[in-house]
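Computed from heavy atoms alone, side chains included, the values below leave out hydrogens, waters and symmetry copies. Note on naming: letters A, B, ... go to the chains in the order of the sequence lines (proteins, then strands), and numbering restarts at 1 for each one.
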Amino acid sequence: MNLFNENNASVHLIPSDPNATFYILPNGIGKDRRTIFSNAIQHFHLQLVASPENARFILADEQFDLPKVFSILKLDLSESEEKSLPIVIQIKWLTDSLKEKNLVPLTKDYIFRTPLIRKKTMPSFSQEPVIEEKKTIKNKPKRRLSDDQPQGGCATQVKQRRYSSDDDNNDMMEDYNDTVKNPFKNGELPKGNWMCSMSSQTAKKNTEINKDIIDKLQAMADLYNKTNDKWRAYSYQKAITTIRRCTKRIDSYEEIIKLPGIGESLAKKIWEIIDTGSFEKLEDFQSSEYMTAINLFGNIWGCGPNIAKHWYDQGFRTLNDVRTKAKLSQNQTVGLKYYDEFLERIPRDEVAEIEAVVKEHALALVPGLTIQTCGSYRRGKATCGDVDILITHTDGISHQGLLIPIIDSLRKCGFLTDDLVLSDKYEEDSGSHVKYFGVCLLPGENRKHRRLDIIVIPHNEYACALLYFTGSALFNRSMRNLAHQYNMYLSQHRLNTGVIRKNNSKINMGTPLYTPTEESIFKYLNLPYRPPEERDH
DNA sequence: GGGCAGCGCAC
DNA sequence: GTGCGC
DNA sequence: GCCC
């Protein structure tokens, strides 16, 4: 169907019409303006696409004329068929709509004049760098994921499930696979051990089989995390998730060393645990006065490896030393005050109670808010470390200025007992993203103080925020890393495509992709969708 | 030998 | 700028 | 710590 007919005085766009795909021609438009326009597109519920290839509409700066735009797009006017050509619109249409706070009619005035040349073939984008990458990578010999799996009995195998077309009930979704220039074939990911492509469910069932190994490695990872050795801890953590996926008891060095993410050093340590039943390095750590103190101090919220070491160097060894002698920040004071309570896990039911309180107060202020508890609660865990509550509003506006009133309301009734972080500043890079970290206490007897995070976000960031705050942390890191491989950029705010990095800094931040749902993000990354329960790595 | 994310806040 | 937690 |  043709949305646009030249004889029409104006085009009335149906905001959610899947054909209403827009591409913003970046030329001549600065980064900040581009971000504003991208957000506007999403605010008006139009579909932003990452490349001009499938866009019905191209939004371009008024400084250009049509031939110039087509030349930038490497489109040959004279050889293109009329119906395959995108309609080029002045960016003014969008700014006017923003002024009116509503989509203004797409009159002829906004449309770049169509030259009176006959058009024939489909546009060619062969000059696009992203596609070049596609070719390059396609020609590289690649190992399938399954080749990375051990030959032995460790069932780390991942069947790369492919989206079947019936996954896509929503028309809006259909273009996702096309709009993103994914350089990899269906069901194939870059080489590596992509945790985010796997379900954590198999691991859940096998916790007993290699429990001794996992527990000892976890203890080491926890200790390394409290030193300045976070990367070593990272490796331990990844090794643990790999071993969790093993469906059989590991009993040979050969099968250990084959496991992805486990090298010689870790393999030796794992073998030591299997062979001797003990782990000397861990025992050394656990009997070390230094590590004992570091571990003790590091459990104070707001005290990390460096502060802990500093306190140790000052001769402190116990919490009482810290309480009486150390110079404590505000956060550390609160952290120390609730030292034992913060170390306890929160039963699911209680998280639900806390959520209910926050919901009640927030909805009393603004009805219709979307309120979702994330974190391990959303992943279905029986107990949680803290409570992460994400708040937004589908209208894209009502979330603004919401955090402070919510906090005030919760404070007034005594639900919030202490504050850790409260930021209600407008953040340049993140829209009006605001967050509260604090401590809450449910009414009644025998209640415990719990860590509560409340995050208020604009609706166009909802899916990315949902994904981010649902975790797990390891899952997020894996997914970010995968995005990186695709020259994309995934954050709690957005998924950008066409990111250009040089020497590990971003030369070009790329363009935000339209991410209405978590599913859309998985699709962009060529990943099978994983519901929250399967992200519990 | 470098990357493993990068942010805003407290200090 | 450093340290910290997300 | 592992991977490239």
Side-chain angles (χ1 to χ4, degrees), chain A residues 140 143 148 190-195 217 220-221 223-242 257 259-270 281 297-311 327-335 342 374-375 385-388 390 419-431 433-438 451-455 461 464-465 467-485 488-496 499 501 503-506 509:
Chain A
K140 273 188 200 163
R143 257 201 303 172
D148 283 346
K191 184 190 163 187
N193 180 30
W194 299 104
M195 225 169 328
L217 293 182
M220 276 303 273
L223 289 175
Y224 276 131
N225 253 325
K226 292 193 171 68
T227 70
N228 258 325
D229 225 337
K230 59 173 179 172
W231 299 121
R232 187 169 274 105
Y234 180 51
S235 289
Y236 272 76
Q237 207 63 62
K238 287 214 292 188
I240 290 164
T241 68
T242 301
I257 195 73
L259 292 169
I262 296 180
E264 196 181 335
S265 177
L266 269 169
K268 279 180 183 165
K269 292 179 171 70
I270 294 165
K281 181 103 178 177
F297 299 161
N299 283 328
I300 300 172
W301 203 92
C303 172
N306 290 297
I307 304 287
K309 180 178 186 309
H310 182 63
W311 287 345
K327 178 171 165 33
L328 294 169
S329 72
Q330 189 52 47
N331 286 345
Q332 289 154 1
T333 306
V334 176
F342 284 178
C374 303
D386 61 3
V387 185
D388 303 304
L390 207 55
D419 301 329
L420 292 165
V421 175
L422 173 56
S423 97
D424 65 336
K425 271 188 179 174
Y426 176 85
E427 294 173 19
E428 173 62 34
D429 185 52
S430 57
H433 179 175
V434 289
K435 67 188 172 199
Y436 172 81
F437 299 163
R451 279 273 301 105
L452 172 65
D453 297 349
I454 300 176
I455 293 115
E461 294 183 7
C464 287
L467 184 72
Y468 178 82
F469 289 105
T470 299
S472 65
L474 232 46
F475 184 90
N476 287 348
R477 293 168 92 163
S478 173
M479 207 150 164
R480 278 197 299 262
N481 209 285
L482 181 61
H484 190 136
Q485 299 281 319
M488 294 166 111
Y489 165 75
L490 178 64
S491 73
Q492 68 196 81
H493 303 296
R494 65 184 74 86
L495 174 65
N496 281 12
V499 178
R501 295 171 170 91
N503 297 331
N504 206 34
S505 74
K506 296 188 186 66
M509 282 302 297

Sugar-phosphate, base or nothing in reach of [X], heavy atoms under 4.0 Å:
X	answer
A:Asp229	nothing
A:Tyr468	base
A:Arg451	sugar-phosphate
A:Lys268	nothing
A:Leu474	nothing
A:Gln332	nothing
A:Lys327	nothing

Would one find a side-chain N or O of [X] under 4.0 angstrom from OP1 or OP2 of [N]?
X	N	answer
A:Lys238	B:dC4	no
A:Asn306	C:dC4	yes
A:Trp301	C:dC6	yes
A:Lys191	D:dC3	no
A:His484	B:dC4	yes
A:Ser329	B:dA10	no
A:Tyr234	D:dG1	no

Candidate nucleotides [options], ranked by approach to the side chain of [X] - the nearest:
X	options	value
A:Asp386	C:dG3, B:dG8, C:dC6	C:dC6
A:Ile307	D:dC2, B:dG6, C:dG3	C:dG3
A:Ser235	C:dC6, C:dG3, D:dG1	D:dG1
A:Asp453	B:dC4, C:dC6, B:dA10	C:dC6
A:Asn504	B:dC4, B:dG6, D:dC2	B:dC4

Whole-Å distance separating the [atom1] atom of [X] from the [atom2] atom of [N]:
X	N	atom1	atom2	value
A:Asn481	B:dG6	CG	C1'	14 Å
A:Leu420	C:dC6	CG	P	9 Å
A:Tyr489	B:dC7	OH	C1'	8 Å
A:Leu467	C:dC6	CG	C1'	14 Å
A:Tyr436	B:dG8	OH	C1'	17 Å
A:Asp388	C:dC6	CG	C1'	9 Å
A:Asn225	C:dG3	CG	P	16 Å
A:His493	B:dA5	NE2	P	16 Å

query: Between A:Lys238 and A:Asn193, is any pair of side-chain heavy atoms under 4.5 Å apart?
result: no
message: Could you tell me if the side chain of A:Asp419 sits less than 4.5 Å from the side chain of A:Tyr436, heavy atoms only?
response: yes
- prompt: Taking the C1' atom of each, how far is B:dC7 from D:dC2, in whole Å?
  reply: 26 Å
- request: For C:dC6 and B:dG3, measure between their P atoms and round to the nearest Å.
  value: 26 Å
- prompt: Taking the six-membered ring of A:Phe437, is the NZ or CZ of A:Arg451 close enough (under 6.0 Å from the centre) and on axis enough (within 45°)?
  reply: yes
message: Nearest heavy atom decides the nucleotide; on that basis, is A:Leu490 or A:Leu328 closer to the 5' end of DNA chain B?
response: A:Leu490
message: Parallel, tilted or perpendicular, judged at 30° and 60°: which one describes the rings of A:Tyr224 and A:Tyr236?
response: tilted
- request: Mark yes when over 12 heavy atoms from residues, nucleotides or ligands other than A:Lys268 sit less than 6.0 Å from its NZ; otherwise mark no.
  value: no
query: Any chance the side chains of A:Ser265 and A:Lys269 put a donor and an acceptor closer than 3.5 Å?
result: yes
query: Can A:Phe437 be classed as stacking with the base of C:dC6, given a centroid separation cut-off of 5.5 Å and a plane angle cut-off of 30°?
result: no
- prompt: Are A:Phe297 and A:Trp311 close enough that their ring centers fall under 6.0 Å?
  reply: yes
